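Below you'll find the structure, written out as structure tokens, and then a few comments.
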Protein chains: 2
Amino acid sequence: MTFTQILPLTDISRADACSTPPTRAATSPEHADALAHSLKALADPARLRIISIVSAHANQEACVCDLTDQLTLSQPTISHHLKVLVEAGFVSRVKRGTWSYYSLVPGSLGSVAGVLSAI
Amino acid sequence: MTFTQILPLTDISRADACSTPPTRAATSPEHADALAHSLKALADPARLRIISIVSAHANQEACVCDLTDQLTLSQPTISHHLKVLVEAGFVSRVKRGTWSYYSLVPGSLGSVAGVLSAI
DNA sequence: TCCTTAGATTGACATTGGTCGATGTATTGC
DNA sequence: GCAATACATCGACCAATGTCAATCTAAGGA
């Protein structure tokens with residue numbers, strides 16, 4: 001019989017008296033990086049409003065002119081925010097004629113919400 | 001019978017030909033600001049790991065030494081991240097003796113997740 | 001072909017944000 | 001009271017980010 005059998009492993013493995021042992025493993029750094037990247041894309045008032053405006057449309061689709069109408073931001077700035085959202089996978093773009101139409105990627109928001117509440 | 005009865009109102013109310021009408025109102029700027037502020041507090045790998053480490057503990061409580069052990073960050077940096085999380089309402093602090101213990105604010109993550117999936 | 005329009009890209013700028021070393025402040029133990 | 005420990009705060013620095021004016025590209029229309 002060894003010491004590790006007599007004493008709980010958690011008491012041996014840590015030296016700090018202040019702490020209680022963890023019940024499960026914490027999120028990996030890679031997982032945290034990925035989630036933070038998604039959250040960063042959402043963590044901007046203009047981008048949240050863009051998502052809201054897009055999803056408020058009948059066919060879940062809005063053109064850039066809808067956004068420049070409602071947001072008090074320049075057209076390049078809105079285009080920049082749209083690019084961030086596309087690269088993060090929250091909206092997708094389709095071009096018809098002169099106009100670009102943006103739509104929500106189904107489930108993308110719910111996925112982040114699910115991960116968040118599962119932490 | 002007037003024109004507004006013949007033609008759909010939505011066709012009259014907007015001048016842009018590229019756009020479909022919205023089915024509901026978009027999020028208010030104030031609401032977007034508030035949600036963005038909460039998301040900003042979460043949108044950092046170190047802070048996500050802090051939340052994960054705290055919630056992985058038996059009593060949903062961890063001291064700073066638990067965090068300095070697991071995160072490869074300086075103690076002032078960790079203290080800074082903790083302050084951000086406290087001010088955003090995701091964790092709370094209680095001091096017992098020399099040690100500060102941080103714990104998750106129940107429901108705070110779920111609340112953000114709920115708002116997110118309701119956009 | 002040329003002009004106009006829609007929207008993307010570029011470059012520059014100011015602001016914010018993450019990080020650390022140094023220091024400050026309680027609390028504990030001697 | 002004094003030294004040591006745990007943690008917070010401060011100040012500085014560099015990187016990342018939001019914003020806009022200017023420019024570029026592509027699609028239509030005359």
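By convention in this document, chain letters (A, B, ...) are assigned in the order of the sequence lines, proteins followed by strands, and residues within each chain are numbered from 1. On a predicted model such as this, the values are computed, not experimentally measured, just so you know.
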[X] [atom1] to [N] [atom2], straight-line distance once rounded to whole Å:
X        : N      : atom1 : atom2 : result
A/Leu42  : D/dG18 : CG    : P     : 12 Å
A/Tyr101 : C/dA6  : OH    : C1'   : 11 Å
A/Lys40  : D/dA15 : NZ    : C1'   : 11 Å
A/Trp99  : C/dT4  : CH2   : P     : 18 Å
A/Leu71  : C/dG7  : CG    : P     : 13 Å

Residue pair [X] / [Y]: nearest heavy atoms and the distance that separates them:
X        : Y        : value
A/Ser92  : A/Val105 : N-CG2, 3.9 Å
A/Ser103 : A/Val54  : CA-CG1, 3.7 Å
B/Val91  : B/Tyr102 : CG2-CD2, 4.1 Å
B/Leu73  : B/Ala46  : CD1-CB, 3.6 Å
A/Ala32  : B/Pro45  : CB-O, 3.8 Å

By a strict heavy-atom criterion of less than 4.0 Å, which residues belonging to residues 31-39 of chain B are in contact with DNA chain D? none
Check the phosphate of [N] against [X], side-chain N and O only, distance under 4.0 Å to OP1 or OP2. Yes or no?
X        : N      : value
A/Ser74  : D/dA21 : no
A/Thr77  : D/dT19 : no
A/Tyr102 : C/dA8  : yes
B/Ser79  : D/dA8  : yes

Taking only residues at least two apart or on different chains, which pairs with a member in residues 36-50 of chain A satisfy salt bridge (Lys or Arg N to Asp or Glu O under 4.0 Å)?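 Salt bridge (Lys or Arg N to Asp or Glu O under 4.0 Å) check on residues 36-50 of chain A returns no pairs.
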Keeping the roles fixed (side chain from B/Asp66, backbone from B/Cys63), state whether a donor-acceptor pair exists under 3.5 Å. yes
What does B/Ile78 touch in the nucleic acid at a heavy-atom separation under 4.0 angstrom: a base, only the sugar-phosphate, or nothing? nothing
Could you check whether any side-chain heavy atom of [X] comes within less than 4.5 Å of a side-chain heavy atom of [Y], counting everything from C-beta outward?
X       : Y        : result
B/His81 : B/Leu67  : no
B/Leu39 : B/Leu116 : yes
B/Leu48 : A/His31  : no

Taking only residues two or more places apart in sequence or in another chain, which ones pass side chain to side chain contact (heavy atoms under 4.5 Å, CB included) with A/Ser55? A/Gln60, A/Leu104, B/Arg24, B/Ile119
Who passes side chain to side chain contact (heavy atoms under 4.5 Å, CB included) against A/His37, sequence neighbours left out? none
Nearest listed nucleotide, side chain of B/Pro76, among C/dC20, C/dA8, D/dA6: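 It is C/dC20.
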Of B/Thr98 and B/Thr72, whose closest DNA chain C nucleotide lies nearer the 5' terminus?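 With B/Thr72 and B/Thr98 compared, the 5'-side residue is B/Thr72.
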Under a 4.0 Å heavy-atom cut-off, which of residues 80-97 of chain A touch DNA chain C? A/Lys83, A/Arg93
Tell me which residues in residues 43-56 of chain A lie within less than 4.0 Å of DNA chain C, going by non-hydrogen atoms. none
Quick one: the side chain of A/Gln75 and the base of C/dA8, do they pair up donor-acceptor inside 3.5 Å?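 Yes, the side chain and the base share a sub-3.5 Å donor-acceptor pair.
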